[in-house]
Number of protein chains: 2
Amino acid sequence: MNQKLPELSKAEWAVMKVIWKLNKTNVREVCEELEESQHWAYNTVRTMMERLHEKGYVSTKKVGSMYFYRPRVSRREVAIAAFDSFSEKVFDGAVGPIVSYLIDQDKLSESELAEIRRLLKTKEE
Amino acid sequence: MNQKLPELSKAEWAVMKVIWKLNKTNVREVCEELEESQHWAYNTVRTMMERLHEKGYVSTKKVGSMYFYRPRVSRREVAIAAFDSFSEKVFDGAVGPIVSYLIDQDKLSESELAEIRRLLKTKEE
DNA sequence: GACAAACTGCTACACATGTAGTATAATTTG
DNA sequence: CAAATTATACTACATGTGTAGCAGTTTGTC
(Lines give C-alpha, C1' and ligand atoms only; values in the text may rest on other atoms or scores of the structure.)
Protein backbone atom coordinates (compact mmCIF):
# COMPACT_ATOMS: atom_id res chain seq x y z
CA MET A 1 0.00 0.00 0.00
CA ASN A 2 2.65 2.53 0.94
CA GLN A 3 5.31 2.16 -1.71
CA LYS A 4 5.92 5.81 -2.49
CA LEU A 5 4.66 6.11 -6.01
CA PRO A 6 5.92 8.82 -8.36
CA GLU A 7 3.67 11.85 -8.38
CA LEU A 8 0.85 12.33 -10.84
CA SER A 9 0.69 15.18 -13.30
CA LYS A 10 -2.48 17.18 -13.83
CA ALA A 11 -3.54 15.19 -16.88
CA GLU A 12 -2.75 11.91 -15.16
CA TRP A 13 -4.94 12.96 -12.26
CA ALA A 14 -7.84 13.63 -14.58
CA VAL A 15 -7.54 10.17 -16.09
CA MET A 16 -6.91 8.46 -12.78
CA LYS A 17 -10.05 9.97 -11.28
CA VAL A 18 -12.09 8.37 -14.03
CA ILE A 19 -10.43 5.03 -13.47
CA TRP A 20 -11.28 5.23 -9.79
CA LYS A 21 -14.84 6.05 -10.69
CA LEU A 22 -15.29 3.24 -13.19
CA ASN A 23 -13.07 0.88 -11.24
CA LYS A 24 -12.53 -1.66 -13.99
CA THR A 25 -12.38 -0.10 -17.38
CA ASN A 26 -10.63 0.36 -20.69
CA VAL A 27 -9.30 3.20 -22.78
CA ARG A 28 -12.49 3.79 -24.70
CA GLU A 29 -14.65 4.12 -21.63
CA VAL A 30 -12.26 6.53 -19.99
CA CYS A 31 -12.06 8.45 -23.20
CA GLU A 32 -15.84 8.76 -23.40
CA GLU A 33 -16.06 9.81 -19.79
CA LEU A 34 -13.55 12.59 -20.42
CA GLU A 35 -15.12 13.63 -23.70
CA GLU A 36 -16.91 16.66 -22.32
CA SER A 37 -14.30 18.01 -19.97
CA GLN A 38 -11.14 17.44 -21.95
CA HIS A 39 -11.89 15.97 -25.34
CA TRP A 40 -8.57 14.28 -25.78
CA ALA A 41 -7.71 11.96 -28.63
CA TYR A 42 -8.05 8.26 -27.88
CA ASN A 43 -4.28 7.87 -28.08
CA THR A 44 -3.72 10.67 -25.63
CA VAL A 45 -5.82 8.92 -23.05
CA ARG A 46 -4.08 5.68 -23.81
CA THR A 47 -0.67 7.25 -23.27
CA MET A 48 -1.84 8.52 -19.89
CA MET A 49 -3.14 5.11 -18.93
CA GLU A 50 0.12 3.46 -19.92
CA ARG A 51 2.03 5.97 -17.86
CA LEU A 52 -0.25 5.34 -14.92
CA HIS A 53 0.55 1.68 -15.33
CA GLU A 54 4.30 2.31 -15.47
CA LYS A 55 4.00 4.47 -12.39
CA GLY A 56 2.21 1.70 -10.54
CA TYR A 57 -1.20 3.32 -10.12
CA VAL A 58 -3.17 0.82 -12.16
CA SER A 59 -2.94 -2.83 -12.98
CA THR A 60 -3.71 -4.14 -16.43
CA LYS A 61 -5.16 -7.38 -17.60
CA LYS A 62 -5.25 -8.61 -21.15
CA VAL A 63 -8.53 -10.33 -21.91
CA GLY A 64 -8.35 -11.77 -25.38
CA SER A 65 -6.57 -9.00 -27.22
CA MET A 66 -7.92 -6.21 -25.11
CA TYR A 67 -6.63 -4.51 -22.03
CA PHE A 68 -8.53 -3.68 -18.90
CA TYR A 69 -7.29 -1.38 -16.24
CA ARG A 70 -8.09 -1.04 -12.59
CA PRO A 71 -6.73 1.04 -9.73
CA ARG A 72 -3.98 -0.46 -7.60
CA VAL A 73 -4.19 2.21 -4.91
CA SER A 74 -7.09 3.96 -3.29
CA ARG A 75 -7.97 7.48 -4.23
CA ARG A 76 -7.95 8.51 -0.60
CA GLU A 77 -4.43 7.29 -0.09
CA VAL A 78 -3.14 9.01 -3.20
CA ALA A 79 -4.98 12.22 -2.37
CA ILE A 80 -3.44 12.27 1.07
CA ALA A 81 0.05 11.77 -0.30
CA ALA A 82 -0.56 14.54 -2.82
CA PHE A 83 -1.84 16.83 -0.11
CA ASP A 84 1.19 16.20 2.07
CA SER A 85 3.53 16.92 -0.78
CA PHE A 86 1.61 20.03 -1.74
CA SER A 87 1.37 21.42 1.75
CA GLU A 88 5.08 20.87 2.23
CA LYS A 89 5.89 22.61 -1.04
CA VAL A 90 3.64 25.59 -0.54
CA PHE A 91 3.14 25.96 3.20
CA ASP A 92 6.22 24.21 4.57
CA GLY A 93 3.85 21.70 6.06
CA ALA A 94 1.91 24.20 8.12
CA VAL A 95 -1.64 23.39 7.22
CA GLY A 96 -3.34 25.36 9.95
CA PRO A 97 -3.31 28.59 7.95
CA ILE A 98 -4.90 26.80 5.01
CA VAL A 99 -7.81 25.72 7.08
CA SER A 100 -8.17 29.13 8.66
CA TYR A 101 -8.17 30.66 5.24
CA LEU A 102 -10.82 28.29 3.95
CA ILE A 103 -13.12 29.00 6.83
CA ASP A 104 -12.49 32.70 6.80
CA GLN A 105 -13.14 33.05 3.09
CA ASP A 106 -16.32 30.99 3.20
CA LYS A 107 -14.96 28.28 0.98
CA LEU A 108 -16.88 25.68 2.94
CA SER A 109 -20.54 24.87 2.76
CA GLU A 110 -22.82 24.90 5.77
CA SER A 111 -22.83 21.14 5.94
CA GLU A 112 -19.09 20.99 5.73
CA LEU A 113 -18.85 23.49 8.54
CA ALA A 114 -21.23 21.37 10.57
CA GLU A 115 -19.08 18.32 9.99
CA ILE A 116 -16.03 20.24 11.09
CA ARG A 117 -17.78 21.40 14.26
CA ARG A 118 -18.72 17.83 14.97
CA LEU A 119 -15.18 16.60 14.49
CA LEU A 120 -13.84 19.36 16.68
CA LYS A 121 -16.14 18.27 19.47
CA THR A 122 -14.71 14.77 19.36
CA LYS A 123 -11.26 16.27 19.77
CA GLU A 124 -12.20 18.11 22.91
CA GLU A 125 -10.98 16.64 26.09
CA MET B 1 -2.51 41.60 -8.85
CA ASN B 2 -4.66 39.01 -10.56
CA GLN B 3 -2.97 38.34 -13.88
CA LYS B 4 -3.05 34.55 -13.83
CA LEU B 5 0.60 33.69 -13.66
CA PRO B 6 1.93 30.36 -14.92
CA GLU B 7 2.24 27.81 -12.15
CA LEU B 8 5.40 27.27 -10.17
CA SER B 9 7.29 24.02 -10.11
CA LYS B 10 8.54 22.50 -6.89
CA ALA B 11 12.05 23.91 -7.27
CA GLU B 12 10.70 27.30 -8.24
CA TRP B 13 8.59 27.31 -5.08
CA ALA B 14 11.64 26.63 -2.97
CA VAL B 15 13.46 29.56 -4.50
CA MET B 16 10.45 31.84 -4.46
CA LYS B 17 9.89 31.23 -0.77
CA VAL B 18 13.40 32.49 -0.07
CA ILE B 19 12.82 35.55 -2.22
CA TRP B 20 9.69 36.32 -0.26
CA LYS B 21 11.61 35.92 2.93
CA LEU B 22 14.52 38.14 1.96
CA ASN B 23 12.31 40.48 -0.05
CA LYS B 24 15.07 42.22 -1.97
CA THR B 25 17.92 39.92 -2.77
CA ASN B 26 20.31 38.47 -5.30
CA VAL B 27 21.36 35.04 -6.49
CA ARG B 28 24.15 34.58 -3.98
CA GLU B 29 21.97 35.30 -0.98
CA VAL B 30 19.25 32.96 -2.13
CA CYS B 31 21.88 30.36 -2.86
CA GLU B 32 23.29 30.65 0.64
CA GLU B 33 19.86 30.48 2.19
CA LEU B 34 19.17 27.26 0.31
CA GLU B 35 22.58 25.78 0.99
CA GLU B 36 21.45 23.48 3.77
CA SER B 37 18.19 22.26 2.37
CA GLN B 38 19.04 21.87 -1.31
CA HIS B 39 22.66 22.65 -1.98
CA TRP B 40 22.16 23.66 -5.56
CA ALA B 41 24.87 25.10 -7.74
CA TYR B 42 24.87 28.87 -8.04
CA ASN B 43 23.81 28.60 -11.67
CA THR B 44 20.93 26.35 -10.81
CA VAL B 45 19.52 28.94 -8.46
CA ARG B 46 20.14 31.58 -11.06
CA THR B 47 18.22 29.66 -13.68
CA MET B 48 15.30 29.38 -11.29
CA MET B 49 15.38 33.07 -10.58
CA GLU B 50 15.45 33.89 -14.27
CA ARG B 51 12.49 31.63 -14.85
CA LEU B 52 10.65 33.27 -11.98
CA HIS B 53 11.31 36.55 -13.69
CA GLU B 54 10.06 35.30 -17.05
CA LYS B 55 6.97 33.95 -15.35
CA GLY B 56 6.30 37.31 -13.77
CA TYR B 57 6.82 36.42 -10.12
CA VAL B 58 9.78 38.69 -9.49
CA SER B 59 11.04 41.97 -10.81
CA THR B 60 14.69 42.58 -11.44
CA LYS B 61 16.76 45.68 -11.21
CA LYS B 62 20.27 46.09 -12.48
CA VAL B 63 22.32 48.15 -10.09
CA GLY B 64 25.70 48.77 -11.65
CA SER B 65 26.37 45.41 -13.25
CA MET B 66 24.46 43.38 -10.72
CA TYR B 67 20.92 42.18 -10.56
CA PHE B 68 18.57 42.40 -7.64
CA TYR B 69 15.32 40.58 -7.42
CA ARG B 70 12.16 41.20 -5.51
CA PRO B 71 8.72 39.61 -5.42
CA ARG B 72 6.03 41.08 -7.64
CA VAL B 73 3.21 39.15 -6.01
CA SER B 74 2.44 38.30 -2.43
CA ARG B 75 3.07 34.85 -1.12
CA ARG B 76 -0.45 34.67 0.20
CA GLU B 77 -1.96 35.37 -3.17
CA VAL B 78 0.22 32.81 -4.93
CA ALA B 79 -0.43 30.22 -2.24
CA ILE B 80 -4.16 30.69 -2.61
CA ALA B 81 -3.99 30.30 -6.38
CA ALA B 82 -1.89 27.17 -5.94
CA PHE B 83 -4.32 25.79 -3.43
CA ASP B 84 -7.27 26.40 -5.72
CA SER B 85 -5.54 24.69 -8.58
CA PHE B 86 -4.49 21.79 -6.38
CA SER B 87 -7.88 21.27 -4.80
CA GLU B 88 -9.49 21.33 -8.22
CA LYS B 89 -7.01 18.80 -9.57
CA VAL B 90 -7.20 16.40 -6.66
CA PHE B 91 -10.55 16.97 -4.99
CA ASP B 92 -12.58 18.47 -7.82
CA GLY B 93 -12.72 21.60 -5.74
CA ALA B 94 -14.40 19.97 -2.76
CA VAL B 95 -12.22 21.12 0.08
CA GLY B 96 -14.46 20.08 2.95
CA PRO B 97 -13.14 16.53 3.03
CA ILE B 98 -9.59 17.84 3.20
CA VAL B 99 -10.34 19.81 6.28
CA SER B 100 -12.21 16.94 7.87
CA TYR B 101 -9.28 14.71 7.16
CA LEU B 102 -6.80 17.12 8.70
CA ILE B 103 -8.79 17.45 11.86
CA ASP B 104 -9.57 13.79 12.10
CA GLN B 105 -5.97 12.72 11.64
CA ASP B 106 -4.65 15.22 14.16
CA LYS B 107 -2.62 17.10 11.62
CA LEU B 108 -3.38 20.35 13.41
CA SER B 109 -1.80 21.67 16.55
CA GLU B 110 -3.80 22.66 19.61
CA SER B 111 -3.36 26.33 18.84
CA GLU B 112 -4.44 25.82 15.26
CA LEU B 113 -7.52 24.02 16.47
CA ALA B 114 -8.22 26.89 18.83
CA GLU B 115 -7.94 29.34 15.98
CA ILE B 116 -10.34 27.27 13.94
CA ARG B 117 -12.83 27.15 16.78
CA ARG B 118 -12.58 30.88 17.07
CA LEU B 119 -13.19 31.39 13.38
CA LEU B 120 -16.11 29.02 13.43
CA LYS B 121 -17.73 31.05 16.18
CA THR B 122 -17.55 34.15 14.03
CA LYS B 123 -19.40 32.25 11.31
CA GLU B 124 -22.25 31.34 13.57
CA GLU B 125 -25.39 33.29 13.16
C1' DG C 1 47.87 46.70 -12.11
C1' DA C 2 47.67 41.41 -11.75
C1' DC C 3 45.20 37.81 -9.94
C1' DA C 4 41.38 35.72 -7.77
C1' DA C 5 36.60 35.70 -6.76
C1' DA C 6 32.10 36.71 -8.02
C1' DC C 7 28.85 37.73 -11.43
C1' DT C 8 26.61 37.80 -16.12
C1' DG C 9 25.52 35.92 -20.82
C1' DC C 10 24.65 32.07 -23.17
C1' DT C 11 24.08 27.26 -23.74
C1' DA C 12 23.12 22.36 -22.74
C1' DC C 13 21.00 18.21 -21.84
C1' DA C 14 18.22 14.42 -19.77
C1' DC C 15 13.83 13.29 -18.18
C1' DA C 16 8.75 14.64 -17.57
C1' DT C 17 4.45 16.05 -19.59
C1' DG C 18 0.90 17.19 -22.97
C1' DT C 19 -0.71 15.75 -27.07
C1' DA C 20 -0.99 12.96 -30.41
C1' DG C 21 0.11 10.13 -35.39
C1' DT C 22 0.96 5.83 -38.20
C1' DA C 23 0.91 1.18 -39.05
C1' DT C 24 -0.90 -3.04 -38.03
C1' DA C 25 -3.96 -6.55 -35.89
C1' DA C 26 -8.46 -8.00 -34.24
C1' DT C 27 -13.42 -7.64 -34.35
C1' DT C 28 -17.84 -6.57 -36.03
C1' DT C 29 -21.06 -6.12 -39.81
C1' DG C 30 -23.22 -6.37 -44.24
C1' DC D 1 -15.43 -13.11 -46.56
C1' DA D 2 -14.46 -8.08 -47.49
C1' DA D 3 -14.94 -3.69 -45.61
C1' DA D 4 -15.34 -0.82 -41.80
C1' DT D 5 -14.44 -0.10 -37.12
C1' DT D 6 -11.75 -0.46 -33.08
C1' DA D 7 -7.57 -1.82 -30.49
C1' DT D 8 -2.83 -2.24 -29.93
C1' DA D 9 2.24 -1.41 -30.88
C1' DC D 10 5.37 1.80 -31.58
C1' DT D 11 6.93 6.36 -32.33
C1' DA D 12 7.12 11.46 -32.20
C1' DC D 13 7.74 15.99 -30.89
C1' DA D 14 7.23 20.56 -28.51
C1' DT D 15 7.49 22.58 -24.06
C1' DG D 16 8.53 22.29 -19.06
C1' DT D 17 11.73 21.12 -15.26
C1' DG D 18 15.89 19.90 -12.80
C1' DT D 19 20.45 20.67 -12.91
C1' DA D 20 24.07 22.74 -14.32
C1' DG D 21 28.72 24.22 -17.44
C1' DC D 22 31.73 27.48 -19.92
C1' DA D 23 33.46 31.84 -21.37
C1' DG D 24 33.84 36.44 -20.52
C1' DT D 25 33.37 40.69 -17.49
C1' DT D 26 33.49 43.20 -13.24
C1' DT D 27 35.18 43.84 -8.71
C1' DG D 28 37.91 43.32 -4.65
C1' DT D 29 42.61 42.56 -2.84
C1' DC D 30 47.65 42.51 -2.47
Side-chain angles (χ1 to χ4, degrees), chain A residues 4-19 22 24-69 78 82 85-86 88-90, chain B residues 4-19 22 24-69 78 82 85-86 88-90:
Chain A
K4 208 43 159 45
L5 303 174
E7 295 196 1
L8 297 178
S9 73
K10 197 167 251 176
E12 285 163 351
W13 259 101
V15 170
M16 196 62 209
K17 284 192 285 194
V18 175
I19 299 177
L22 302 178
K24 175 171 185 249
T25 186
N26 59 26
V27 177
R28 187 180 37 73
E29 282 181 351
V30 174
C31 208
E32 281 162 11
E33 191 77 18
L34 288 167
E35 187 55 46
E36 284 303 293
S37 58
Q38 322 277 355
H39 90 84
W40 279 325
Y42 182 95
N43 277 336
T44 299
V45 175
R46 194 154 61 102
T47 299
M48 290 302 150
M49 290 172 77
E50 272 163 20
R51 288 179 186 169
L52 289 170
H53 182 227
E54 285 160 17
K55 288 188 176 185
Y57 284 85
V58 301
S59 62
T60 61
K61 183 141 84 149
K62 197 167 189 168
V63 178
S65 72
M66 280 177 59
Y67 284 105
F68 287 89
Y69 300 75
V78 176
S85 163
F86 171 81
E88 190 58 40
K89 177 178 75 174
V90 174
Chain B
K4 209 45 160 43
L5 303 173
E7 295 197 359
L8 296 178
S9 74
K10 196 168 253 179
E12 285 163 351
W13 259 101
V15 170
M16 196 62 209
K17 283 191 284 193
V18 175
I19 299 177
L22 302 177
K24 173 170 185 252
T25 187
N26 58 27
V27 177
R28 186 180 38 73
E29 282 181 351
V30 173
C31 206
E32 281 163 11
E33 190 79 17
L34 289 167
E35 187 55 46
E36 285 302 293
S37 57
Q38 322 277 356
H39 89 84
W40 279 325
Y42 182 94
N43 278 336
T44 299
V45 176
R46 192 159 59 108
T47 300
M48 291 302 149
M49 291 172 76
E50 273 164 20
R51 288 178 184 169
L52 288 170
H53 181 227
E54 285 160 17
K55 289 188 176 184
Y57 283 86
V58 301
S59 62
T60 60
K61 181 141 85 149
K62 198 165 188 170
V63 178
S65 71
M66 280 177 60
Y67 284 104
F68 288 89
Y69 299 75
V78 176
S85 163
F86 172 80
E88 189 57 40
K89 175 178 75 175
V90 174

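Order of the sequence lines sets the chain letters (A, B, ...), proteins ahead of strands, with each chain counted from 1. In what follows, every heavy atom counts, from backbone to side chain, and hydrogens, waters and symmetry copies are set aside.
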Practice task
Look at A:K62 and D:dA9 and indicate whether a side-chain polar atom (N or O) is within less than 4.0 Å of OP1 or OP2.
Solution key: yes
Practice task
Using a cut-off of strictly less than 4.0 Å, decide whether B:Y42 has a side-chain nitrogen or oxygen near OP1 or OP2 of C:dT8.
Solution key: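 Answer is yes, contact under 4.0 Å.
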Using only modelled atom types and a 3.5 angstrom limit, is any donor from either the side chain of [X] or the base of [N] paired with an acceptor on the other?
| X | N | result |
| --- | --- | --- |
| A:T47 | C:dA20 | yes |
| A:S65 | D:dA7 | no |
| A:R46 | C:dA20 | no |

Practice task
Mark yes or no for whether B:E12, through its side chain, and B:S9, through its backbone, hold a donor-acceptor pair below 3.5 Å.
Solution key: yes
Exercise for the section: Answer yes or no: is there a donor N or O on one side and an acceptor on the other, between the side chain of A:Y57 and the main chain of A:P6, under 3.5 Å? Expected result: yes
For [X] and [N], give me the distance from atom [atom1] to atom [atom2], rounded to whole Å.
| X | N | atom1 | atom2 | result |
| --- | --- | --- | --- | --- |
| A:M49 | D:dC10 | CE | P | 18 Å |
| A:W40 | C:dG18 | CH2 | P | 7 Å |
| B:M66 | C:dG9 | CE | C1' | 15 Å |
| A:F68 | D:dT8 | CZ | C1' | 13 Å |

Problem - Listed partners of A:T25 passing side-chain hydrogen bond (donor to acceptor under 3.5 Å, both in side chains), at least two apart - result: A:E29
Problem - From CZ (B:F86) to OG (A:S85), nearest 0.5 Å - result: 7.5 Å
